[in-house]
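Throughout, a chain's letter reflects where its sequence line sits, starting with A, and its residues are numbered from 1. Any value given below was found using the heavy atoms of this structure, including those in side chains, with hydrogens, waters and symmetry copies removed.
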Number of protein chains: 2
Amino acid sequence: MAPAHPSTHNDATVGVAVDVVPLTLQEGALHAAVVRVERGDERGRLAFPGGRVRENESLDDAAARWLDGTLPGVRAHVEQLYTFGEPGRDPASRVVSVAYLALLARPLPGALWVPCEPALRLAYDHRTILRTALERLRAKLAYTNLAWALLDESFTLGELQHVYETVLGHTLDRRNFRKRILALDLLTPLGTTRHGAHRPAQLYRFRTRRPITVGVP
Amino acid sequence: MAPAHPSTHNDATVGVAVDVVPLTLQEGALHAAVVRVERGDERGRLAFPGGRVRENESLDDAAARWLDGTLPGVRAHVEQLYTFGEPGRDPASRVVSVAYLALLARPLPGALWVPCEPALRLAYDHRTILRTALERLRAKLAYTNLAWALLDESFTLGELQHVYETVLGHTLDRRNFRKRILALDLLTPLGTTRHGAHRPAQLYRFRTRRPITVGVP
DNA sequence: GCAAAAGTGTTAGTGATACACCCATGA
DNA sequence: TCATGGGTGTATCACTAACACTTTTGC
């Protein structure tokens, strides 16, 4: 921007788009929301919701708009992920895409929810984007309270542990998990219990449902 | 990109640029390389090197090009930082800027090297970009071997500790620092010593001068 | 009564912190 | 000889990891 040295090349043809990676947990596995590409060489393949950024809207606003366009009324935690701009990533035209991560407590209708398997086939470079999103989510789960975004307002410790286990891809010791998570002082017990198929479980909620970094003095 | 739902607005006028934040240590303080804005409303103010992305180059290539244009021949670690796209960030036109962080072992001629003080006045939203760069650097120093990018090939443990102390903004216990950093097994002693004004110090180098994440199983 | 998830404590080991003195050199 | 940075070890504390049994409920 505002070149200190004026550019001498044609550079007005690089477009800007956002792509949103909506993730949620479903049946014990991470699922992503995708839509079918309607036009162009990649027509018919699966891709994340997204498209051009308008001249008068911020990137965050564009991400929210495209997310809501696909999953109307969605309430999600949305954060910028990474920007992908290889010249060949969209065969049709030169488009730089600012990818966003969106975390939902549950799947909503409006898109296809597909499990995040490594073999998942997606249009463009969206497999790379998905990989980046999963890495980010895994990393942030370790040093933030981000799990709130994948859970309802109230939840049991078992459900919270399940979020961690599913995202991290391995099991955790229940006693140690409880000790650690409770020591972080992020949760408030509700005093009520959830009755399921078995012994009722204490319900908790996050003290703050917004990003908090923990353990980094 | 590749809209699943076609956009119905004029959106071809959002431009793409890169801005590079070159950082190095000088006289015990972090310094950033800036240039004077030559044109437009912000003319005369200080800003980071950067400008438009060409149609046929990647974002990384654009960042390298603008960095080299300002600091010719520079060898630096360059990584994408964040993308800034508020509509009003450049008064002249709508430009989305992909910011890059560049870490240098020493300042090079070609730019003004200014200390990274909170009061530093910069054009556009570059103060925000600088703040983001510093946060990123601080965070990554804690869980990567990124310090190599701010040091010459060989260095003493005192110099390495100085990098950490300067970036983190507080002092560290020398004995604990050495124990911890040597336990990470990132360094190789050269067997030679550096003779300065005082007792010679053992020289080390990083086993790998590329990004390594440590301590995250 | 049985299957299934909830709930709970102790121990051992590892890593972090705090802390003080001597060493080698150049000036 | 003195100023300056280099180099070293120990004791304590906090956190992590490993580990098994009892409880409560629905069916």
Student: Between atom OG1 of A:Thr24 and atom CG of A:Leu150, what is the distance when rounded to the nearest 0.5 Å?
Tutor: 6.0 Å
Student: Taking the side chain as every heavy atom from C-beta outward, state whether B:Arg194 and B:Ser154 have any pair of such atoms under 4.5 Å apart.
Tutor: yes
Student: What's the CG-C1' distance between A:Leu172 and D:dT16, to the nearest Å?
Tutor: 13 Å
Student: For a quick test of reading the model, state the closest non-hydrogen atom pair linking B:Leu141 to B:Ala147 and the distance between them.
Tutor: CD1-N, 3.7 Å
Student: Rounded to the Å, how far apart are B:His170 NE2 and C:dA16 C1'?
Tutor: 14 Å
Student: Is the number of heavy atoms from other residues, nucleotides or ligands within 6.0 Å of CZ (A:Arg43) greater than 12?
Tutor: no
Student: Please state how far atom OH in B:Tyr204 lies from atom P in D:dG6, giving the value in whole angstrom units.
Tutor: 12 Å
Student: Take a 6.0 Å sphere around CZ of B:Arg127 and say whether it holds more than 12 heavy atoms from other residues, nucleotides or ligands.
Tutor: no
Student: Measure CD1/A:Ile181 against C1'/D:dT16 and give the value in whole Å, please.
Tutor: 14 Å
Student: Looking only at heavy atoms, which two atoms of A:Leu103 and A:Leu137 are closest? And how far apart?
Tutor: CD1-CD1, 3.9 Å
Student: Is the ring pair B:His77/B:Trp148 parallel, tilted or perpendicular, if the boundaries are 30 and 60 degrees?
Tutor: perpendicular
Student: Can you name the nearest heavy-atom pair linking B:Phe84 to B:Arg89, along with the distance?
Tutor: O-CD, 3.6 Å
Student: Rounded off to whole Å, could you give me the CG-to-P distance for the B:Leu203 and D:dG6 pair?
Tutor: 11 Å
Student: Looking only at heavy atoms, which two atoms of A:Val95 and A:Arg52 are closest? And how far apart?
Tutor: CG2-NH2, 3.5 Å
Student: Going 5' to 3' along nucleotides 19-27 of chain D, which nucleotides have protein heavy atoms under 4.0 Å from the base (write B), which only from the sugar-phosphate (write S), and which from neither (write -)?
Tutor: BB--BBBS-
Student: Rounded to whole angstrom units, what separation is found between the CG atom of B:Leu182 and the C1' atom of D:dG6?
Tutor: 13 Å
Student: Whole angstrom is fine here: how far is it from CZ in A:Arg194 over to C1' in C:dG7?
Tutor: 17 Å
Student: Between B:His162 (NE2) and D:dG6 (P), how many Å, whole number?
Tutor: 10 Å
Student: Using a 4.0 Å cut-off on heavy atoms, which residues in residues 144-161 of chain B reach DNA chain D? List them by number, or say none.
Tutor: B:Gly158
